Number of protein chains: 2
Amino acid sequence: MAVTLADVAARAGVSAATVSRVLSGNYPVAAHTRGRVLRAVEELEYVVNGPASALAAASSDLVGVLVNDIADPFFGIMASAVQGEIGDRKLAVVCNTGGSPERELTYLTLLQRQRAAAVVVTGGAVEDPEHQAALGARLKRLTEGGARVVLCGRPPMRDEAVGGGTGAAGATGTAAGTEPGAAAGGAPEDAPGGGQVGGRGADGGIVTLAFDNTGGARRLTEHLISLGHRRIGYVAGPAHRTTTRHRLDGHRQALEARGLLADAEALTVHGWAYDRPSGYDGALELLRRGTAPTAVLAANDTVALGVCAALRDQGLRVPEDISVAGFDDFPYSVDAYPALTTVRIPLHSAGARAGRLALGREGAPPGGVATVPAELIVRASTAPPHAFR
Amino acid sequence: MAVTLADVAARAGVSAATVSRVLSGNYPVAAHTRGRVLRAVEELEYVVNGPASALAAASSDLVGVLVNDIADPFFGIMASAVQGEIGDRKLAVVCNTGGSPERELTYLTLLQRQRAAAVVVTGGAVEDPEHQAALGARLKRLTEGGARVVLCGRPPMRDEAVGGGTGAAGATGTAAGTEPGAAAGGAPEDAPGGGQVGGRGADGGIVTLAFDNTGGARRLTEHLISLGHRRIGYVAGPAHRTTTRHRLDGHRQALEARGLLADAEALTVHGWAYDRPSGYDGALELLRRGTAPTAVLAANDTVALGVCAALRDQGLRVPEDISVAGFDDFPYSVDAYPALTTVRIPLHSAGARAGRLALGREGAPPGGVATVPAELIVRASTAPPHAFR
DNA sequence: TTGTAAGCGTTATCAG
DNA sequence: CTGATAACGCTTACAA
């Protein structure tokens, strides 16, 4: 485990500096000198010492990607897209937080330690002010250290959390609430307009790609209502997470607009995760609670599959007896039985954009925040309720 | 972007060496000294400089994970399991090779440059001797540099490729062929017994977790034959990949045992990838080729979903008109329509084991090679052909 | 265009 | 148990 720059230099009959310059390629070197150096590199099978060069250059070619679980398609697709953008020159360090706030912080510190060039944090945030503050602090340190930070799939950090910018450039974006459409339904937590981290352009600001979870959920519930459903169950994701709440918010906005909000509470259950068992158990719980709903919304497609399985096991047909809808439009949702009505979020393109943003290959959106649209996809798992047939 | 060890040392009124010792914790330090140091670290929000310590210690805490595509559940599940094992102390660098040999090599070099502590290479290998040689060379360099290398989901490297061990310890394992059961069917390429990289115990040898693709495929085809199928189509994966070939091998072994090998060739098509479109197009192609098969086997579950979709679009019912089976038993395969008959490979536990092996937390299996079993899972997508009903 | 030399921030070896 | 002090291998002004 040897062969260093010096060895190559010796072999090529040049100085170490020259070899370094040839290898990094950002400095003029005579063609024939470069040739000799390159040959020496080949012959010696020289491979740069990453840590050493990172130390000297005060920068590494690592890009951190925080995900809940890389095996979950929601995160897998985004991570894959990020990876696709950063290509061969940078390396993606993916960290499974399992949705744990502590691990999120731990990994952020680990990435800072590695002097990561950028960090992409994917998926919803935990809505604990304390954690938000700690997170903001970590993120701020990261950006101060020169790392680019991109949030993909969660709302922007509040200024308080991330400790204000240099002042001047930190323009308050145009969005009124945490998420588009949030104002309409009046989720109390969404409170004050503004107060978000602005896009300090290409310099160290945090850039956010928020998902329109609220709007998507609203349209989904509107679809169900227009089909004739009045009692709509909801197997939500884990509580205290932005994704869970925003989707619920959208659902409730749609209900409220039709005066259906009254029993929303009784028709909602929270799962422990965005997984199939949560859907299965949630559906059973909903069925247990007296008058059954005519339709069930799930936290996402995976949960919806669990809901369908539970319903099937109870002898109920989907959508004849009860409609089911998911969220996210995972690749396999079209092949499920029945094909899932859902809300598509362009995870791949969002992840790719996050990757470009992380590399600085794309400019930050105005205000540092962009919203990724969510599109209603109607398939076979939703139909009018019995009464309407 | 400052605060170094020296700063902490100054603040705590000790030497840099002491701070280093407190932080790495592997050296006796007086309790109260440690306390002072720790407080200083807190106050200064000190974060170790990873590259610097990696340089000085000649070791990093990065573990490389090579996958075709992290968005593919086959790889996502394994990567997640690896990640789960390495936990917070090591960081997983996941590299999407897209199945490209060049990128595989490139990433291996990149990981060597980072002085990765270990590398886990997942999924099938490309069966090009030239590439195998290049790959062996890279892997050898890696192990020589002290990195642990684990192959998960592909057959062991040949000794030639990886350039023999120190001799003595490189015992030839007990397996006879590249994969268990391979000998029975007589795939010519599987040729000579032995010749594999032995398990040099805990020291730098390459450890392999091979999947029993051949055995699984054989059992799957036997299942179909026992159902009464005689014309079995096969939408295989990309050619020249071990996974593709081993599964095909198993299929053919089963056919040959019943004298059904004759039109196997005409009933086989190769897709471009292990994806849905390949399944869709492959099924169409199969239908186009004259006498339709009564059952179709797919390269994996994702491909099988594509096959089902194509069949459905052609007005054929699965399994009434034609049976379909997949491979891998992805989480959603049970929820597909119809629920997929498939072969389960315990991807999660295999990945977890690979992770432990990579960390040296688990001893290498005898011979350095272990085979992960594959289990036939019969569900609704396979049934007797018309003639047998 | 190329060489020289001073760091970069830790770890590890030796004394004390 | 603690403190100097060399490495570690590369980058980058600064010279030549």
Side-chain angles (χ1 to χ4, degrees), chain A residues 1-38 40-41 44-62 109-110 112-117 141 145-146, chain B residues 1-38 40-41 44-62 109-110 112-117 141 145-146:
Chain A
M1 194 55 198
V3 50
T4 70
L5 241 206
D7 298 330
V8 177
R11 173 120 191 175
V14 299
S15 74
T18 301
V19 177
S20 172
R21 295 197 263 251
V22 169
L23 262 26
S24 40
N26 47 20
Y27 209 85
V29 173
H32 62 281
T33 307
R34 131 182 280 99
R36 278 222 308 290
V37 169
L38 258 18
V41 167
L44 266 32
E45 295 193 323
Y46 171 68
V47 175
V48 182
N49 182 316
S53 83
L55 171 57
S59 77
S60 84
D61 45 3
L62 297 179
T109 300
L110 251 28
Q112 188 190 347
R113 163 188 310 202
Q114 297 297 332
R115 301 300 186 259
R141 274 199 242 160
Chain B
M1 193 54 198
V3 50
T4 71
L5 242 205
D7 299 329
V8 177
R11 172 123 191 172
V14 298
S15 73
T18 300
V19 178
S20 172
R21 293 198 264 252
V22 169
L23 262 26
S24 38
N26 47 22
Y27 209 85
V29 173
H32 63 281
T33 307
R34 130 180 283 97
R36 277 223 308 291
V37 170
L38 257 18
V41 167
L44 266 34
E45 296 193 323
Y46 170 68
V47 175
V48 182
N49 181 316
S53 85
L55 171 59
S59 77
S60 86
D61 46 3
L62 297 179
T109 300
L110 251 29
Q112 187 188 348
R113 163 189 309 202
Q114 297 297 332
R115 300 302 187 258
R141 274 200 241 159

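Each chain gets a letter, A, B and so on, in the order its sequence line appears, and its residues count up from 1. Treat the numbers as computed from the prediction; the structure is a model and nothing was measured.
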Worksheet item: Nearest-Å distance, CG (A:Leu23) to P (D:dG9)?
Response: 16 Å
Worksheet entry | Side-chain touch B:Gln114/A:Asp61, heavy atoms, less than 4.5 angstrom | yes
Item to complete: Report the C-alpha distance between B:Val19 and B:Val14 in whole Å, list the side-chain angles of each, state the deciding distance to 0.1 Å, and finish with yes or no for side chain to side chain contact (heavy atoms under 4.5 Å, CB included).
Response: CA-CA 7 Å; B:Val19 178; B:Val14 298; 3.7 Å; yes
Response to the item:
Looking only at heavy atoms, the pair that brings A:Ser60 and A:Ala117 closest together is O-CB, 3.5 Å
Worksheet item: Should B:Arg141 and A:Val47 count as side-chain neighbours, where that means a heavy-atom distance under 4.5 Å?
Response: yes
Discussion item. Nearest to the side chain of B:Leu5, heavy atoms from C-beta on, is which of D:dT11, C:dG9, C:dT11?
Written reply: C:dT11
Practice prompt. Return the value, rounded to whole Å, for the distance between atom CZ of B:Arg113 and atom C1' of D:dG9.
Written response: 13 Å
Item to complete: Taking all non-hydrogen atoms of both residues into account, name the closest pair between B:Val48 and A:Arg115 and its distance.
Response: O-NH1, 3.5 Å
Worksheet entry | For atom CG of B:Asn49 and atom P of D:dG9, their distance in whole Å | 16 Å
Worksheet entry | For atom CG of A:Leu55 and atom P of C:dG9, their distance in whole Å | 7 Å
Restricting to nitrogen or oxygen on both sides, can you table the protein-nucleotides 2-4 of chain D pairs closer than 3.5 Å?
from, atom 1, to, atom 2, distance (Å)
D:dT2, OP1, B:Thr33, OG1, 2.3
D:dT2, OP2, B:Ala30, N, 2.7
D:dG3, OP2, B:Ser15, N, 3.0
D:dG3, OP2, B:Ser15, OG, 3.3
D:dG3, OP2, B:Thr18, OG1, 2.6
D:dG3, N7, B:Arg21, NH2, 2.5
D:dG3, O6, B:Arg21, NH1, 3.3
D:dG3, O6, B:Arg21, NH2, 3.4

Item to complete: Using atom types as modelled and distance alone, determine if a side-chain donor or acceptor of B:Ser24 lies under 3.5 Å from a backbone N or O of B:Ser20.
Response: yes
Worksheet entry | Spacing between A:Asn26 atom CG and D:dA13 atom C1', to the nearest angstrom | 14 Å
